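Not measured: the values here are computed from a predicted model. In the text below, chain A, chain B and the rest are named by the order of the sequence lines, each starting its count at 1.
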Amino acid sequence: MGKEGKTDDLMEKIVALCKRRGFIFQSSEIYGGINGFWDYGPLGVELKRNLKNIWWEDVVRKRDDIVGLDAAIIMNPKVWEASGHVGGFSDPRVDCKECNARYRLDELPTRVRVEAVIDEMTNGTMTVEEAVDALTGGNGDHFLRILKKAHKKRTNPSDVIEILFGKCPQCGGELTDARQFNLMLKTFIGAMEDSSSVAYLRPETAQGIFANYKNVLDTSRIRPPFGIAQIGKAFRNEINPRNFTFRSREFEQMEIEFFCHKDDADKWYEYWRDARYKWYIDLGLTSSRLRLRDHETDELAHYAKSCADIEYDFPFGISELEGVANRTDYDLKKHQEHSGKDMQFFDDQTKERYIPHVIEPSGGVDRAVLAFICEAYTEDEAPDDKGKMQKRILMKFHPRLAPIKVAVFPLVKKEGMPEVARKIYDDVLASGLTCFYDEKGAIGRRYRRQDEAGTPFCVTVDGQTFEDQTVTIRDRDSLKQDRIAVEKVVEYVRERIG
RNA sequence: GCGGGCGUAGCUCAGUGGUAGAGCGCCACGUUGCCAACGUGGCUGUCGUGAGUUCGAAUCUCAUCGCCCGCUCCA
């Protein structure tokens with residue numbers, strides 16, 4: 001009820017599966033939930049951890065030009081002043097209730113200002129157009145109409161003020177009260193809650209890297225071009241969290257700040273843009289739903305010279321997974337100004353002293369996890385025990401990402417099969433692969449449960465196991481079974497995980 | 001933040017003022033021998049939360065929290 005026409009909505013099915021199988025739960029659900037926060041369940045945490053580990057392996061451990069960092073979530077508030085997060089976004093805003101236009105409070109004229117301008121207009125020292133311009137910066141259709149009419153009819157100035165003041169300059173609608181918009185979550189350091197103890201939960205991980213750039217340079221014997229990588233939580237007090245975990249108030253970023261000479265910045269930008277795009281493809285986002293999009297010049301943030309988004313076509317629309325930006329020397333320069341510390345690098349070969357430019361590949365961990373979940377979600381048909389085709393739901397995770405790599409079953413729960421299966425299970429666990437043992441219910445049902453968990457391989461102990469020490473191993477996607485020696489199970493799986 | 005829709009068992013939902021239900025699931029036992037099997041028995045709810053109206057509220061009213069859609073926002 002109330003879901004007419006949406007019962008087969010893909011995103012709803014995915015959210016339902018995530019809960020049913022223990023991938024993702026709403027935070028604090030037993031207390032009615034809390035908007036914009038999510039918990040990862042037993043399968044979800046494995047999936048997310050696999051993704052982060054693969055990223056870390058690929059961008060830190062397998063490279064000699066990137067080092068890792070794990071900075072604190074709470075930093076000196078001056079960091080956020082330097083980065084522009086405190087100043088730029090904390091002005092009070094008012095909205096028009098009619099047309100939803102949003103204004104900074106200081107963009108709107110005060111009553112005194114309205115009185116003064118109308119006064120000038122009445123005296124003839126200002127034209128109607130100039131008056132509108134003075135009051136609204138030229139963007140006030142409603143004000144223009146009212147003032148023109150008032151001018152022609154010589155309306156009493158105080159009546160005009162009453163009509164205009166506190167109304168939307170564009171449509172004349174009612175305005176809301178002024179409200180503060182600051183997307184940083186705030187807390188207090190120490191026991192006293194006053195303005196001197198205010199601190200912020202970081203709204204991005206990048207600043208922790210910039211603030212430590214000098215420390216890393218001085219201690220790790222590394223020099224440009226080099227990168228610092230970090231995975232960590234960030235917090236934004238989003239006005240409207242939406243689309244499952246896609247826009248959350250607490251989220252995790254995986255981010256590289258890559259420092260290089262200005263002359264090499266374009267080259268490194270292109271390198272990282274293409275490398276990061278390929279990374280997602282290699283992990284299984286092979287479909288046409290992934291795309292790389294360069295930003296138009298007018299779309300660029302004030303600190304970026306160029307920027308590309310790696311985007312995924314989610315069931316709710318095309319949205320950004322990762323942004324790769326050429327941030328120039330903007331951030332280090334800002335921190336040099338605000339901290340008074342020299343951020344220059346001295347190249348003793350070229351004898352050049354410079355502030356490095358920064359290429360930033362910044363990805364959302366939760367967004368990537370969600371994209372891999374959406375990509376993996378598959379409905380197909382498989383025969384039941386009578387050969388009749390039944391709907392099957394499976395998660396086609398890349399084996400590297402799959403939360404559980406292998407499940408082990410006895411074909412039936414007797415004749416010593418559970419004991420043999422248990423032994424295989426223990427051996428697989430000891431090898432370091434995630435493994436799941438299940439002996440409950442019919443074999444077909446156990447296979448289907450693992451399909452929904454995205455487990456790529458299921459090993460089954462049957463009667464033949466006792467004759468020749470072999471088991472069947474079933475492929476999640478094709479349903480095909482191979483018969484292999486018991487001692488080859490780990491090797492078989494490892495070969496296919498890659 | 002604005003407008004609209006919605007909230008009943010783990011899941012999907014029925015129930016429109018009079019004893020909270022179905023299917024699936026889950027658990028146990030038996031049967032069963034490779035893809036959501038069958039039989040028998042069992043488990044599950046502050047009807048999102050709080051207040052109000054009423055003899056009586058899952059049902060009507062208000063508030064609140066959460067979810068979905070469209071705008072808005074995303075430094």
Less than 4.0 Å between a side-chain N and a carboxylate O, is that true for A:Asp427 and A:Lys423? yes
Think A:Arg496 forms a cation-pi with A:Tyr492, using NZ or CZ under 6.0 Å from the six-ring centre and within 45 degrees of its axis? yes
Closer than 4.0 angstrom, basic N to acidic O: yes or no for A:Asp438 and A:Arg445? no
Using atom CG of A:Asp380 as one end and atom C1' of B:A36 as the other, report the distance to the nearest whole Å. 13 Å
Check this for me: does the side-chain of A:Arg392 come within 3.5 Å of the base of B:C35 through a donor and an acceptor? no
With a 4.0 Å cut-off on heavy atoms, is A:Asp451 in touch with a base, just the backbone sugar-phosphate, or nothing at all? nothing
For A:Arg400, does its backbone N or O pair with a side-chain atom of A:Lys405 as donor and acceptor, under 3.5 Å? yes
What's A:Gln481 touching, base or sugar-phosphate or nothing? Going by heavy atoms closer than 4.0 Å. base
Using purine N1 to pyrimidine N3 plus N6-O4 or O6-N4 for Watson-Crick, or N1-O2 and O6-N3 for G-U wobble, each under 3.5 Å, what pairs with B:G17? none
Base B:C74 paired with A:Arg247 side chain (donor-acceptor, <3.5 Å): yes
Below the 4.0 Å mark, does B:G25 have OP1 or OP2 next to a side-chain nitrogen or oxygen of A:Arg449? no
Would you say a side-chain N or O of A:Lys19 is under 4.0 Å from OP1 or OP2 of B:G10? no
Does B:A22 have a Watson-Crick or wobble partner in any strand here, with both distances under 3.5 angstrom, and which is it? B:U12
Indicate, with a heavy-atom threshold strictly under 4.0 Å, whether A:Glu415 touches base, sugar-phosphate, or nothing. base
Watson-Crick or G-U wobble mate for B:U53, both contacts under 3.5 Å: none
Can you tell me how far P of B:G66 sits from CG of A:Asp39, to the nearest Å? 15 Å
Is the shortest distance from a Lys or Arg side-chain nitrogen in A:Arg293 or A:Asp309 to a carboxylate oxygen in the other one below 4.0 Å? yes
Residue pair A:Val461/A:Lys440 against RNA chain B: nearer the 5' end by closest nucleotide is A:Lys440
Which part of the nucleic acid, if any, lies within reach of A:Phe37 when heavy atoms closer than 4.0 Å are counted: base, sugar-phosphate only, or nothing? nothing
Sugar-phosphate only, base, or nothing, as touched by A:Arg448 at under 4.0 Å among non-hydrogen atoms: base
Answer for the Watson-Crick or wobble partner of B:C2, both distances under 3.5 Å, is B:G70
B:C35 P sits how many Å from A:Asp462 CG, rounded? 13 Å
Would you mind reading off the distance between A:Phe25 atom CZ and B:C67 atom P, rounded to a whole angstrom? 16 Å
Determine whether any donor atom in the side chain of A:Arg242 lies under 3.5 Å from an acceptor atom in the base of B:G70, or the reverse, and answer yes or no. yes
Round to a whole Å and report the spacing from CZ of A:Arg446 to C1' of B:G33. 10 Å
A:Phe244 CZ to B:C68 C1', in whole Å, measures 13 Å
Here's a test for you: under side chain to side chain donor-acceptor pair (under 3.5 Å), which of A:Gln253, A:Arg247, A:Lys48 qualifies with A:Asp366? A:Lys48
Which one is paired to B:U59, where only Watson-Crick or G-U wobble pairs with both distances under 3.5 angstrom count? none
Note: for A:Ile34 and A:Asn243 on RNA chain B, the residue whose nearest nucleotide lies more 5' is A:Ile34
Under 4.0 Å, heavy atoms only, any strand: does A:Ser83 hit a base, just the sugar-phosphate, or nothing? nothing
Does the structure show a Watson-Crick or G-U wobble partner for B:A36, both distances under 3.5 Å? Name it, or say none. none
Can you tell me the Watson-Crick or wobble partner of B:U64, both distances under 3.5 angstrom? B:G48
Under 4.0 Å, heavy atoms only, any strand: does A:Glu452 hit a base, just the sugar-phosphate, or nothing? base
A:Arg367 charged N/C atom sitting above A:Phe246 aromatic ring, 6.0 Å / 45°: yes
Please determine if a side-chain N or O atom of A:Arg445 lies less than 4.0 Å away from the OP1 or OP2 oxygen of B:C26. yes
Quick one: A:Gln26 CD to B:C6 C1', roughly how many Å, whole number? 14 Å
Just to be sure I understand the rule, does A:Lys414 reach a base, reach only the sugar-phosphate, or reach nothing, if contact means heavy atoms closer than 4.0 Å? base
Which whole-number value in Å describes the distance from A:Ile443 CD1 to B:G33 C1'? 9 Å
